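Accompanying notes for the structure given below.
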Amino acid sequence: MKTVRRFSWLLLLLLLSGVVVACGSQVTPVAEPDSEFVLALPRLVIDVDSDGVPSVAGLDPQTLKTITFGQVDLTGVRVPKPYVDWFTATNLQHIEVVHRDDGEYIFVNGNPLPHVGWDADSLRALSDLAGELGVVNRPMAKVLSLLVPFVQRLGLNVAVRFPVQDGVDIIPLRDPGDPIPQVSAESEAPSIALMKVHMNFDENGIPSVLSVSTRELEEALGVSLRQMELPPSAVQQMIDAGIQHITVRTMPSGLYIWVNDNPLPTLVWSDEYLENAANLYGQLYYTDAYATARDAVKTLLPLVDNVDGEIVLIFPVPEGATKIPIPSP
């Protein structure tokens, strides 16, 4: 049995090597290709059939199970058929995700969408925050922080293709050799709206703006604003983690978030990316039931990068602690 298992895994490694070779010779670009660690692979193309069964270079889960004598069983892995039917009906032919040193890029039918951007500092800040807030335990947060340099030296590209209706033109995959256009932080268009809100929370989780609390507004207006409050335990958690404020700001190049003065990964956008996202929504939700939402998304989403917005959530600072300035990029 051990011999069969070893042979199965050896055969699997040979098959995976063959699949990588079959995927092409254009590797995904990575930063610092001459560093001590780099893993850059060519694009992996996964074809999904009408029943949701995936295959790579003609190798499907059932074939993989057979040739590995049942040691590798992925026959339960499939895309739900309702999603396959939906994508086929709306002509969503392929989704591509590209992992690089500066972010995770997304393309649908070859068109770029808003995506997550990062650098070493923001990735490390995110792992630290996850540990401080208990999302992961401290040892795991430390592991995640140590993995940051490795994450930035991975070049991965996965494209998933779905069935196409008869008579519909095939949309080619994006050429992996083409450079991905970078988003500029500058915008020539004037801001269409300005919004700035600094919300101070007390120890009980009650927010106030310009020294007017939601409880005072509730008494004056007769409208409950309790949904804006935070549980006192949540505020105490922020204090214990040393979090004095969280800043969310919209800029021409994306949505930026800071915890204290530490930047987190960014949601990157541009006029083109937002326009593509609005078009994709209209393509997927094409029925009359979504007509109003479709019109709203088509009109408003492309304007997001022209909104000058800032929301800051401010928490109590323990006595004796040094106050951290709100970031101003």
Side-chain angles (χ1 to χ4, degrees), residues 28-29 43 45 83-84 86-119 122 156-165 168-196 248-257 263-311 329:
T28 306
R43 179 165 57 199
V45 180
Y83 285 97
V84 177
W86 181 26
F87 293 160
T88 302
T90 56
N91 198 35
L92 193 159
Q93 297 189 16
H94 42 78
I95 300 173
E96 180 184 6
V97 178
V98 181
H99 176 102
R100 303 200 324 176
D101 61 293
D102 57 351
E104 203 90 15
Y105 294 80
I106 302 174
F107 300 85
V108 173
N109 286 356
N111 297 316
L113 298 180
H115 62 271
V116 178
W118 57 52
D119 57 19
S122 62
L156 304 176
N157 185 339
V158 178
V160 182
R161 294 191 295 203
F162 299 97
V164 179
Q165 299 181 67
V168 174
D169 293 337
I170 300 295
I171 301 173
L173 287 169
R174 182 188 64 90
D175 185 343
D178 289 345
I180 298 177
Q182 299 301 298
V183 175
S184 171
E186 302 296 329
S187 175
E188 297 180 358
S191 298
I192 60 172
L194 173 64
M195 181 186 70
K196 182 176 181 180
V248 180
R249 182 174 290 124
T250 59
M251 299 174 67
S253 56
L255 180 71
Y256 291 76
I257 302 175
L264 297 185
T266 305
L267 178 61
V268 180
W269 61 45
S270 67
D271 289 340
E272 179 189 4
Y273 293 178
L274 292 170
E275 184 76 30
N276 289 340
N279 291 337
L280 178 62
Y281 182 90
Q283 178 180 341
L284 293 175
Y285 297 94
Y286 60 92
T287 62
D288 292 341
Y290 292 94
T292 301
R294 202 163 50 243
D295 290 342
V297 169
K298 182 68 175 176
T299 301
L300 298 178
L301 190 58
L303 301 177
V304 168
D305 63 342
N306 296 127
V307 175
D308 187 359
E310 177 184 277
I311 298 177

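Note that the coordinates shown come from a computational prediction; the quantities given were computed from them, not determined experimentally.
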Testing the basics here: between [X] and [Y], what is the closest heavy-atom pair and its distance to 0.1 Å?
X    : Y    : result
E104 : V97  : OE2-CG1, 3.5 Å
P176 : N157 : CB-ND2, 4.4 Å
P265 : V116 : CB-CG1, 4.0 Å
L173 : A159 : CD2-CB, 4.0 Å
H94  : P172 : NE2-O, 3.5 Å

How far does [atom1] of [X] sit from [atom2] of [Y], to the nearest 0.5 angstrom?
X    : Y    : atom1 : atom2 : value
R161 : I95  : CZ    : CD1   : 13.5 Å
L92  : N109 : CG    : CG    : 5.0 Å
L284 : N279 : CG    : CG    : 11.0 Å
E275 : L303 : CD    : CG    : 9.5 Å
D175 : R43  : CG    : CZ    : 7.5 Å
D102 : D119 : CG    : CG    : 9.5 Å

Would you say [X] and [Y] make side-chain contact, with heavy atoms under 4.5 Å?
X    : Y    : result
E96  : V160 : no
M195 : I311 : yes
S253 : V268 : no
S122 : T266 : no
I180 : H115 : no
Y281 : Y290 : yes
N91  : I171 : yes

Taking Q93 for the side chain and G110 for the main chain, is one N or O donor matched with an acceptor at less than 3.5 Å?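 The answer is no, because no donor-acceptor pair under 3.5 Å joins these two groups.
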
When you measure from the side chain of R294 to the backbone of Y285, do you find a donor-acceptor pair of N or O atoms at a distance under 3.5 Å?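 Present.
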
So, applying side chain to side chain contact (heavy atoms under 4.5 Å, CB included) with W269, which one of N276, L113, L274, L301 is it?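 One option only clears the test, and that one is L274.
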
Geometric class of the Y105/F107 ring pair [parallel <30°, tilted 30-60°, perpendicular >60°]: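 Plane angle under 30°, so parallel.
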
Parallel under 30°, tilted from 30 to 60°, perpendicular over 60°: which one fits the rings of W118 and H99?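 Answer is tilted, since the angle falls between 30° and 60°.
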
Applying side-chain contact (heavy atoms from CB on, under 4.5 Å) to D308 and K196, what does each step give before you reach the verdict? CA-CA 8 Å; D308 187 359; K196 182 176 181 180; over 6 Å; no

Derivation of the side-chain contact (heavy atoms from CB on, under 4.5 Å) call for V108 and Q283: CA-CA 11 Å; V108 173; Q283 178 180 341; 5.9 Å; no

